[in-house]
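Here is the naming used below: chain letters follow the sequence lines, and residue numbers restart at 1 for every chain.
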Number of protein chains: 2
Amino acid sequence: MASIKDVAAQAGVSVATVSRVLNSHPSVSPGARRRVLAAVEDLGYRPNAVARSLRTDQTRTLGLVISDVLNPYFTALARSVEEEARALGYSVIIGNADERPEQQDHHVRTLLDRRIDGLLVSPADGDSPLLGDVARTGTPMVFVDRWMPGVDVPVVRADGHRAISDLVAHLYALGHRRLAIIAGPAATTTGNERVEAFREAMRAHGLALPDAYIGQGDFQAASGRRATEHFLSLPEPPQIVFAADNLMALGALDAIRARGLRVPEDIGIAAFDDIPWFLHTGPPITAIAQPTGDLGRAAVRALVDIVEGRPPQSVTLPARLVVRSSCGEPALPAPDPRSNV
Amino acid sequence: MASIKDVAAQAGVSVATVSRVLNSHPSVSPGARRRVLAAVEDLGYRPNAVARSLRTDQTRTLGLVISDVLNPYFTALARSVEEEARALGYSVIIGNADERPEQQDHHVRTLLDRRIDGLLVSPADGDSPLLGDVARTGTPMVFVDRWMPGVDVPVVRADGHRAISDLVAHLYALGHRRLAIIAGPAATTTGNERVEAFREAMRAHGLALPDAYIGQGDFQAASGRRATEHFLSLPEPPQIVFAADNLMALGALDAIRARGLRVPEDIGIAAFDDIPWFLHTGPPITAIAQPTGDLGRAAVRALVDIVEGRPPQSVTLPARLVVRSSCGEPALPAPDPRSNV
DNA sequence: ATCATCCGTGTAATCGATTCCACGGCTTGA
DNA sequence: TCAAGCCGTGGAATCGATTACACGGATGAT
């Protein structure tokens, strides 16, 4: 592959001049510029990003470590992150943690070894001292969706309080009183917050959230299935199962089907995170939609702000309730049950 | 961040010795090794992958350009690719083409600029002379899922002939005669093959595939919706709509719902690509499952074979039919309607 | 005892870019 | 006319690693 030396030789100039042309430095004569450009074209020359990065100490690359690529929520997030980054002249390297802290740390380390300019993380369950260390060394870093308390970096996330309170009001209006939740791992912020918001909203309606109605999940489908099976074996099963993410909702649906029960007649389902498939499940699932695209874009902007030396901003955007029919027919159907995720 | 020089100074040796320790070169004295390791630990030193790549001319990184990250089939593929690559000591950088050739080319170029060791591509619709050029320059490259005729690189893919023929037999047995297909873009190999296999299987049952029953899609949900709307407006609509990928099946489901029709009573649906969600749609969708994990792994192995100088192999694995209820109740229900994707 | 060999180590070249500094030629102002 | 300044350019240092080569000392064979 042609190097800058080949171009210089072909154009009859020094490598310094070639570099100047390529970086549009002003002091290059029109003639030299023309000859360099011709040589570049002729040789099909493309600058070696590796060499350039070594010299300039920047890679124009962002790292994104997500908890689970198979989760449509994170895929959607990854897509918007990549788009915004590309618009700002950065590439993105995605690492999939698969909800496993060791794998998350593996990716963080590889990304750091590659000297990415900044890191976007949605931390997995379990504590990882590494992330704290990384933040402390001054590597530009931003949390997206989930964050870690005690690590002082900007956080870009959705706030579900309002939407969860709307959800509980909706369920209450439909006559449901026994509401259960499948929680995410306690160590993730999103896991806790959603339970707390749910409990609070129930209290506002004079309802209690008994421990038996709190299932421990790990954001994966299998855990949703297990938790739901347990709910269904209770002497008094809940009327509604609210899953703290979309995959656990899927597992819940499985468990309910396996028992031969119907949704929503026998038991209702709702989920945090709205994804296109929820329109097509039987029945369509009532969900809380996050502004995924906006979150991804805001996260990239915050990170690039840090990278480029501007003051970054934490961002919190509201999630909103999308009512469908998985908890029973709503009294007043929403004008458009389709989410705009 | 500490460099190899800092480690050398701290350990009281030269950078050469440090490098030898790090690369487990045999001729280093135990004492020196110990001091170097201590210094590495002490400084939290991690080798700079950028510098190393520049010198060794290899990045131990593979590029993967997929057609659409929002398509669960490709996400599953990406996941298995990353896993296998990690097991073999490589990292993966994913580029999302969004079914757009320019965006695909953008990613290919960026990946090449970064001097990835090899490229895994599932080419998008539309011709891209770039890929051919890249292959010709000797960059290690492997096609996965889709390929481009005339570009001489190994192809790792699933063969759907048998499964499609099974599908048509299944539909025929259920009494369906008017079968329609939503094709992928003509320029993609998978697009064409699936239509041809379908046509051939129909002919084997004495059925014709009229042009009106061939919808032109682009592997995106919206095109599946449009094609299905067109089918439904025909004087004699088909009894079954077979979508050449999962997203178009989703679009088809949309269109059918929008007309207030029921699946499978009014019209049946089947899809190429099986994804977890198809178990949960209303009704569960009959689909053709690709051995996605095996495909991803085989593709990585083929690519790494090229990179490391071994002779690579093209691989074709059979897809298989997973019967569910979206085309009517099967006479003999399959023992386990759950796909093992 | 002598010479060849081997082992552990350091010096320095190298990868492909960017960029500081110096230099020669030309313009411009006094 | 001459000094000062500017402009286009090239030489060379530099980023952080790897690795060929050289070298001194110890070991082993004869």
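When rounded to the nearest whole Å, the span between CG of L54(A) and P of dT18(C) equals 12 Å. Going from atom CZ of R35(A) over to atom C1' of dG8(D) covers 12 Å, rounded to whole Å. Going from atom CZ of R33(B) over to atom C1' of dT9(C) covers 13 Å, rounded to whole Å. The separation between H25(B) atom NE2 and dT18(D) atom P is 12 Å, rounded to whole Å. Taking atom CG of residue L22(A) and atom P of nucleotide dT18(C), one finds them 7 Å apart after rounding to whole Å. The interatomic distance linking R52(A) (CZ) with dT19(C) (C1') rounds to 13 Å, in whole Å. Remark: P of dA17(D) and CG of D57(B) are 18 Å apart, rounded to the nearest angstrom.
Within the nucleic acid shown, S27(A) comes within 4.0 Å of at least one base atom, counting heavy atoms only. Looking at heavy-atom distances under 4.0 Å, A32(B) makes contact with sugar-phosphate atoms alone, never a base. S3(A) comes within 4.0 angstrom of the backbone, heavy atoms only, and of no base. Using a 4.0 Å heavy-atom distance criterion, N23(A) is classed as a sugar-phosphate-only contact.
Note on the helix from dA1(C)-dT30(D) to dA30(C)-dT1(D): angle between the axes of the first and last five pairs equals 50°, rounded to 10 degrees.
Separation of atoms CG (L111(A)) and OG1 (T59(A)) is listed at 10.0 Å; rounding is to 0.5 Å. Rounding to the nearest 0.5 angstrom, the gap separating the OG1 atom in T189(A) from the CZ atom in R157(A) is 7.5 Å.
The main-chain N or O of R52(A) is found under 3.5 Å from a side-chain atom of T56(A) such that the two form a donor-acceptor pair. A donor-acceptor pair under 3.5 Å is absent between the side-chain atoms of S19(B) and the main chain of V15(B), judged by distance alone. With hydrogens and angles disregarded, no donor-acceptor distance shorter than 3.5 Å links the side chain of Q104(A) to the backbone of A97(A). In this structure a side-chain-to-backbone donor-acceptor pair under 3.5 Å is present from D117(A) to R60(A). No donor-acceptor distance shorter than 3.5 angstrom exists from the side chain of T188(A) to the backbone of G184(A), with no hydrogens or angles considered. Put simply, the side chain of D145(B) never gets that close to the backbone of S122(B): no donor and acceptor are under 3.5 Å apart. A side-chain donor-acceptor contact under 3.5 Å links Q103(A) to the backbone of N96(A). The backbone N or O of D68(B) lies less than 3.5 Å from no partner atom in the side chain of N71(B), so there is not a single donor-acceptor pair.
With a 4.5 Å cut-off on side-chain heavy atoms, F143(A) and V151(A) count as touching. Looking at heavy atoms from C-beta onward, S67(B) lies in side-chain contact with R146(B) at the 4.5 angstrom threshold. N48(A) places none of its side-chain heavy atoms less than 4.5 Å from the side chain of D113(B).
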Heavy-atom contacts, protein to nucleotides 22-27 of chain C, under 4.0 Å, summarised as B (base), S (sugar-phosphate only) or - (none) per nt, yield ------
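Comparing dT9(C), dA17(C), dT9(D) by their nearest atom to the side chain of N48(A) picks out dA17(C). Checking dA17(C), dG16(D), dA17(D) against the side-chain heavy atoms of P47(B) singles out dA17(D) as nearest. Taking every side-chain heavy atom of R20(B) into account, dT9(C) is the closest of dT9(D), dG16(C), dT9(C).
Both A51(B) and S29(B) lie near DNA chain C, and the one whose nearest nucleotide falls closer to the 5' end is S29(B).
By the salt bridge (Lys or Arg N to Asp or Glu O under 4.0 Å) test, R55(B) is found to be paired with no residue, residues two or more places apart in sequence or in another chain being considered. With sequence neighbours excluded, the residues satisfying salt bridge (Lys or Arg N to Asp or Glu O under 4.0 Å) with R136(A) are D133(A).
Only I4(B), K5(B), A16(B), S19(B), listed by number, bring a heavy atom of residues 4-19 of chain B to less than 4.0 angstrom from any atom of DNA chain D. Listed by residue number, there are no residues of residues 105-118 of chain A with a heavy-atom contact under 4.0 Å to DNA chain D.
Between R55(B) and dT14(C) there is no side-chain polar atom (N or O) within less than 4.0 angstrom of OP1 or OP2.
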